[in-house]
There are 2 protein chains.
Amino acid sequence: MFDTFNKDSKKDTLYVSLYKHIKKMIKENKYQEGQKLPSKRRLAEDLHISPLTVEAAYQQLIAEGYVYAIEKKGYYVDEQIELVESHKKNIKFKSQNDAEVVPEYQYAFRTNVVDTSLFPNTTWARLSREVLSENHHEMLNVTHPQGVLMLRKEIAKYLELYRGMNVSEEQIIIGSGSSSLISILIELLGRDKHYAIENPGYSKNYALYKGNDVRLSLISLDDSGIKIDDLIQSNAEIVHITPSHQFPMGIVMPIQRRIELLNWSNRFIGRYIIEDDYDSEFRFQGKPIPALQGFYENDQVIYMNTFARTLAPSFRMSYMVLPLKLLPRYHQIMTYHGCTVPNSEQYIMYKFMHGGFFERHINRMRNQYRQKIELILKMVENYPNVRLKGYDAGLHFLMEIETNDTEASLIEKVAQHHIYVTGLSSYDHKIHSSHSNPTLVIGYSGIKKEEIEQSISALFQSINISKS
Amino acid sequence: MFDTFNKDSKKDTLYVSLYKHIKKMIKENKYQEGQKLPSKRRLAEDLHISPLTVEAAYQQLIAEGYVYAIEKKGYYVDEQIELVESHKKNIKFKSQNDAEVVPEYQYAFRTNVVDTSLFPNTTWARLSREVLSENHHEMLNVTHPQGVLMLRKEIAKYLELYRGMNVSEEQIIIGSGSSSLISILIELLGRDKHYAIENPGYSKNYALYKGNDVRLSLISLDDSGIKIDDLIQSNAEIVHITPSHQFPMGIVMPIQRRIELLNWSNRFIGRYIIEDDYDSEFRFQGKPIPALQGFYENDQVIYMNTFARTLAPSFRMSYMVLPLKLLPRYHQIMTYHGCTVPNSEQYIMYKFMHGGFFERHINRMRNQYRQKIELILKMVENYPNVRLKGYDAGLHFLMEIETNDTEASLIEKVAQHHIYVTGLSSYDHKIHSSHSNPTLVIGYSGIKKEEIEQSISALFQSINISKS
């Protein structure tokens, strides 16, 4: 039985080879159920190996359930259950590579990227080194489910200074991206609740709420943002808005609409506003508009923001501020969610904020973005058929184009010239309403300043837009 | 009206002071709706400031919606909407600190910690520096939703070598912890499906499935793990198991039960096994038992594992391997979930695995843990009323104690001596079945080797267990 056993196999240690050999014999029914295996001593002698090696192989077979031992009697082959044929289909996928997701465009007007050359790499690397050497123990241990306390305190300070909010670290939850936080929120608020989002709006949020199987209403916008009457009529209880720079319309919600929204949420207990404050750091004229969360005394606003836009998308660090009244329920569910952001990143981010680097970085980025916008505005002056909207804030704007082409055919032409851009209608999740003119959503944060003019020129050329 | 305006306020820039002053006046109704504000030139002359400063303040007021401009006429106070009184209750929480979550125990037999002194800090820090300096651009850019390709390839290689699996990087999804991955899985498989978990079992998983509002059955265990008959009778379609080292019972599932489970999943299309392979790296006798996922040809096993146990809980890096037939549906939902782990950590982890450090670290930890277990086993020999179970693998075992005390009263006594330990019944999510004897779940991974003997002695003393 063991003549085919090759004890000089180079691949495995001796006991592993033996265990594999016996396993194979059992699987091929050379040893049948209930059959006694040779004793350890006997097999060791036969194979000229140590009884300890046989012992190790038998133990592994026992652990895996192929063999059982009866004390003082020996080793027996255990019951072998036949495997029912599998339904496996041979689905084959072409091999992936990371580049596939970000195909090579000449210019990509994406709304979810940053110019990586502007990242304060030296500072970040230095702070990382500090964290790795100083905070060894804290860095490795279990994090508070809401995130590292020092970072939460720093965020609270930042929100007070720059967003006019008054929050305590106990209200802040740090998570690995807005989608993680929204999932927690839906569990917190209830999957039986009725949610509403802006339309047109951020497609990922649409998909995320849909994926969470909640009732979802799409609320239209006017020039001030989400329409209150439509919101009331929808009977939604929770509304997710982007007041600082509506995505994709670029609307900065004026104070009246903000108050109307707060009044809407105040009217019934259980109504909440999710204030998605992304891009609020990048307002190019005047001061940022204070967050809804900090308006008067209210406890119905769930504030949310991300470091993906201010640092880099790869950081996967977002946070939300919960109303006090949601905290008791959150404390019940927080332990099994845990904090999804590595401690090390949180400690580095703490140092980055505490040392004033974050503020400096934002100011620097704001200037860079402002310069880019100004370059674009100046260029566009010469193109009578092009009109820009929503460029006062944020990292994208709308480009309305007077043309006989449809939006879809414009996008196609642009793509043929290896330029990536999306059309406004792709963010409209109802039956696509026809906008007066084709409108492109231009994300300019990923385009280097030196390339701004060429990239816009290339875009115009691709769709035959000419100067006056 | 402007006599109270103090242009020498040190706190703000001049335009901000002015804007705040006017805003306050509007809020206090000193300026009423529709009322015209002084012209820019006029106000500038009155206050002896630059007209540009007034312009900036007015623009901010316009942006926030307090004021509107009529071209060539001037600036007017906009409609002021009154804020409805808030439902805000004054809920107050005591201030948090990170230590609260991990209270100071003399010894804590936790199942979710590691001995941080064993972490290969120097290597990790060096690899971090390398990533920060070499992979600057890749580190900052948007990650593939499934995670960094190089790391996925490395994981696939590891799984083939150590877990007997045959997977492609295209099946691997990296996420920030098992709970994130389970949430994605539930969306992928369907919230209308019927799930089953082991009972007793991991409390976080119980809470997680419950929190996701899915139908959940609790399946009892016998000596080989989950009971197949009970699983069949439950009519569940998806079962989540821990075959390498059942939590908390410590059962290593034998081959027969594994095949029975595979047969169960093969019987109907749409049945899946979630193989939670945590702790499989830490088998102290013989080779690790091959994963279910790699058994014969099957496409019904969703494999899941984490680096939280092998590196440190704070890393928040887990991964799962999807069956090929689930990939098309996953590709539909992956973009809006995105990858929840920072790129930098993924690149460091890639280098850690690729350089052989991961393997070395696991071997080192396995030896450490084995030594700890041996110390404990040797100690316990002298205590006739104590019996250990499930210590062949994994970072916890069961300690059955022959006593007239109840489990609850044992736990309480232990806690009074500043020792943290949990009882087996706290993982039983049905009506607590009475185990023959009180049983403690001893997580020993967070106890330093030098303290193993003192800590177990202290535990025994606290409950008056004495030597023979």
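Naming convention: chains lettered A, B, ... in sequence-line order (proteins, then strands); numbering from 1 in each chain.
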Rounded distance (nearest 0.5 Å) linking atom [atom1] of [X] with atom [atom2] of [Y]:
{"X": "A:Glu345", "Y": "A:Trp124", "atom1": "CD", "atom2": "CH2", "value": "6.0 Å"}
{"X": "A:Leu127", "Y": "A:Leu132", "atom1": "CG", "atom2": "CG", "value": "11.0 Å"}
{"X": "A:Phe315", "Y": "B:Asn343", "atom1": "CZ", "atom2": "CG", "value": "9.0 Å"}
{"X": "A:Ile62", "Y": "A:Tyr68", "atom1": "CD1", "atom2": "OH", "value": "11.0 Å"}
{"X": "B:Leu326", "Y": "B:His331", "atom1": "CG", "atom2": "NE2", "value": "11.0 Å"}
{"X": "B:His144", "Y": "B:Glu170", "atom1": "NE2", "atom2": "CD", "value": "10.0 Å"}

Any idea which of [options] has the most non-hydrogen atom pairs under 4.5 angstrom with chain B?
{"options": "A:Val16, A:Val113, A:Val252", "result": "A:Val16"}
{"options": "A:Ser183, A:Ala312, A:Gly175, A:Ala207", "result": "A:Ala207"}
{"options": "A:Pro342, A:Ala57, A:Pro254", "result": "A:Pro342"}
{"options": "A:Asn212, A:Ile186, A:Asn205, A:Val114", "result": "A:Asn212"}

Side chain from CB out, backbone as N, CA, C, O: work out which of these in [X] comes under 4.5 Å of a heavy atom of chain A, or both, or neither.
{"X": "B:Ser179", "result": "side chain"}
{"X": "B:Ile333", "result": "neither"}
{"X": "B:Lys23", "result": "side chain"}
{"X": "B:Pro323", "result": "neither"}
{"X": "B:Asp78", "result": "both"}

Interface residue of largest heavy-atom contact number with chain A, from [options], under 4.5 Å:
{"options": "B:Ala125, B:Cys339, B:Gly177, B:Ser180", "answer": "B:Cys339"}
{"options": "B:Ala308, B:Pro290, B:Gly211, B:Ser117", "answer": "B:Gly211"}
{"options": "B:Pro313, B:Ser128, B:Ser176", "answer": "B:Ser176"}
{"options": "B:Arg129, B:Arg191, B:His337, B:Gln346", "answer": "B:Arg191"}

Which atoms of [X] approach chain B - backbone, side chain, both or neither, heavy atom under 4.5 Å:
{"X": "A:Asp192", "result": "neither"}
{"X": "A:Asp392", "result": "neither"}
{"X": "A:Ser344", "result": "side chain"}
{"X": "A:Tyr19", "result": "side chain"}

More than 12 heavy atoms of other groups within 6.0 Å of A:Tyr202 OH: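 Counting neighbours around OH of A:Tyr202, 12 or fewer heavy atoms of other residues, nucleotides or ligands fall under 6.0 Å, so no.
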Close side-chain approach of A:Ser224 to A:Arg258, heavy-atom, < 4.5 Å: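 No. Closest side-chain heavy atoms not under 4.5 Å.
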pair B:Tyr347-B:Glu130: side-chain heavy atoms closer than 4.5 Å: no
Donor on one side chain, acceptor on other, A:Glu260 and A:Gln256, under 3.5 Å: no
Donor on one side chain, acceptor on other, B:Asn266 and B:Gln300, under 3.5 Å: yes
